[in-house]
Amino acid sequence: MPNVKLQNYLHLHFIVFIWGFTAVLGELIAIEALPLVWYRMLLASGFIYIYIYLKKISLVISRKLFFTLFLAGVIIALHWITFFAAIKVSNVSITLAMLSTGAFFTSILEPIFYKRKIIWYEVLFGLLIIIGLYIIFKVEGEYITGIIYALCSALLSSVFSIINGKIAQQYNPSMISFYELLSGVGIISVYLLFLTLFGHETDGFTIAFFQLSTSDWIYMLLLASVCTAYAFIGSVQVMKYLSPYTVMLTVNLEPVYGILLAYLIFGESEKMNPQFYYGALIIMGTVILNGIFKNAKKRKRVSTLGNITK
């Protein structure tokens, strides 16, 4: 059993490494954020459908669940559009550092969605994250547009995770992901079709939209298959063997892997002011501390309930 846990722990690190590589692929793919997300969601939904077909997973759902998944699909589409837009107008390091604020947004939104009290240390950690953001804003003012896009992406990611948190435990995750990806690409298609019919002749589904370079196709297939479909299915699998706390802490390494990869691949264009790294460390360190506090509180609650039932 320990060997199984070790294998899944190493597998999880590999998956997080792949997620970190997603931002690098976003920089390498030459097309803009909107068509990039359209291709990613379309191809990924196709790959996941193949998996669902082979595993004979049912796609029959209620109308209420469909609308919930549709909403989640729109939100994840907007999350990816703002994520890749941030990379296009700034760089990978800025985008991933800002994406770490997702845990902060979740701590604010969870009490609203789940109707629970605000926890004191979440407020404290929120203030620390604001300090980290202030340092980054102060020294990297030239990337202000990218920072704003990335913060919007982090907020949307937080909303998406909260919605998914309510349904993921009740339904098959592959089915959920398929409908969400299909909904996302569907709503983007409607928008692009509207631009095609009523927008400028260079907007929407133009000939240029479907003319990707060979390198873009290779990177796009890698993004949709390995970084989206495979990583999602793999992450669900490892959760059967690892604790949520272990998964959470490991996932927080995504910005670290991504920033290191970006520096190795893009070199000087990813080298930031030293103060940027101070601010990023404050944000990432706060996210990890938040996880440690939550885990300690959960263990204490479990221990208390155990003593009561004895």
Side-chain angles (χ1 to χ4, degrees), residues 18-49 73-96 98-99 142-154 156-157 160 177 180-232 254 258-259 261-267 269-270:
I18 288 172
W19 283 336
F21 193 64
T22 298
V24 173
L25 287 173
E27 180 74 21
L28 290 170
I29 296 171
I31 61 176
E32 293 302 312
L34 188 63
L36 193 161
V37 174
W38 185 83
Y39 276 106
R40 179 188 188 180
M41 298 188 87
L42 179 67
L43 293 170
S45 60
F47 287 126
I48 291 180
Y49 179 76
V74 173
I75 291 170
I76 196 64
L78 291 172
H79 158 66
W80 279 338
I81 290 168
T82 50
F83 173 74
F84 288 116
I87 292 172
K88 299 295 182 183
V89 298
S90 58
N91 60 28
V92 173
S93 297
I94 287 285
T95 303
L96 289 177
M98 294 299 100
L99 208 63
E142 62 184 294
Y143 295 122
I144 185 70
T145 304
I147 290 172
I148 292 171
Y149 274 140
L151 287 173
C152 289
S153 182
L156 289 164
S157 174
F160 174 76
S177 184
E180 287 173 346
L181 289 170
L182 205 61
S183 298
V185 75
I187 202 70
I188 295 174
S189 297
V190 171
Y191 174 71
L192 289 170
L193 187 60
F194 178 83
L195 291 180
T196 304
L197 296 174
F198 304 106
H200 193 269
E201 61 182 11
T202 58
D203 296 327
F205 288 119
T206 62
I207 295 175
F209 184 94
F210 297 101
Q211 291 178 332
L212 273 66
S213 66
T214 302
S215 61
D216 276 352
W217 271 117
I218 293 170
Y219 293 140
M220 188 66 72
L221 287 170
L222 188 61
L223 176 66
S225 60
V226 178
C227 297
T228 307
Y230 162 76
F232 172 79
E254 179 189 346
I259 289 171
L261 279 169
Y263 183 73
L264 289 173
I265 294 171
F266 302 117
S269 65
E270 289 291 330

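Since the model is a prediction, treat every value here as computed from it, not as a measurement.
- Y49 pairs by the ring-ring contact (aromatic ring centres under 6.0 Å, His included) definition with F178, not counting sequence neighbours.
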Self-check item: CA sep, side-chain torsions, deciding dist, call: M220, L36, side-chain contact (heavy atoms from CB on, under 4.5 Å)
Solution: CA-CA 8 Å; M220 188 66 72; L36 193 161; 4.1 Å; yes

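- The side-chain contact (heavy atoms from CB on, under 4.5 Å) test with I218 is passed by exactly one of L222, T214, L221: T214.
- Nearest heavy atoms, I48 versus A229: CG1-CB, 3.8 Å.
- Note that CG of L96 is 5.5 Å distant from CD1 of I259, once rounded to the nearest 0.5 Å.
- Nearest heavy atoms, G184 versus M41: CA-CE, 3.6 Å.
- Closest of all the heavy-atom pairs between I188 and A77 is CD1-CB, 4.0 Å.
- Listed for the K88 side chain is a donor-acceptor partner under 3.5 Å among the backbone atoms of I31.
- Ring pair F210/W38 is perpendicular by interplanar angle, where above 60° counts as perpendicular and below 30° as parallel.
- Judged as a ring-ring contact (aromatic ring centres under 6.0 Å, His included), and not counting sequence neighbours, F83 has no contacts.
- Scanning for side-chain hydrogen bond (donor to acceptor under 3.5 Å, both in side chains) contacts around S153 gives H79, with sequence neighbours left out.
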Practice problem: Kindly indicate, with the supporting measurements, whether the criterion side-chain contact (heavy atoms from CB on, under 4.5 Å) is fulfilled by L223 and T22. | Solution: CA-CA 7 Å; L223 176 66; T22 298; 3.6 Å; yes

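- The line from CG of L181 to CZ of F47 is 12.0 Å long, rounded to the nearest 0.5 Å.
- Here OH of Y39 is found 5.0 Å from CH2 of W217. Values are rounded to the nearest 0.5 Å.
- Of all the heavy atoms in A33 and A85, the pair that sits closest is CB-N, 3.6 Å.
- Using a 4.5 Å cut-off on side-chain heavy atoms (C-beta onward), V89 and Y149 make contact.
- Across W19 and A231, no two heavy atoms sit closer than the pair NE1-CB, 3.3 Å.
- A pairwise comparison of heavy atoms in G73 and S183 identifies CA-CB, 4.3 Å as the closest pair.
- Considering only heavy atoms from C-beta on, F266 comes within 4.5 Å of V24 through its side chain.
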Self-check item: Worked check of side-chain contact (heavy atoms from CB on, under 4.5 Å) between L151 and I147
Solution: CA-CA 6 Å; L151 287 173; I147 290 172; 4.0 Å; yes

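- The line from CG of L156 to CH2 of W80 is 12.5 Å long, rounded to the nearest 0.5 Å.
- Taking the six-membered ring for Trp and thresholds of 30 and 60 degrees, F205 and F209 have ring planes more than 60 degrees apart, a perpendicular arrangement.
- The side-chain contact (heavy atoms from CB on, under 4.5 Å) test with L78 singles out one residue from V74, T82, I76, and that residue is V74.
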Practice problem: Could you please spell out the steps behind the side-chain contact (heavy atoms from CB on, under 4.5 Å) verdict for Y191 and L195? | Solution: CA-CA 6 Å; Y191 174 71; L195 291 180; 3.5 Å; yes

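- Taking CG of N91 as the start and CD1 of I87 as the end, the distance is 9.0 Å to the nearest 0.5 Å.
- Between S90 and T95, the closest side-chain pair of non-hydrogen atoms falls below 4.5 Å.
- Between atom CG of residue L99 and atom OG of residue S157 there is a gap of 6.0 Å, rounded to the nearest 0.5 Å.
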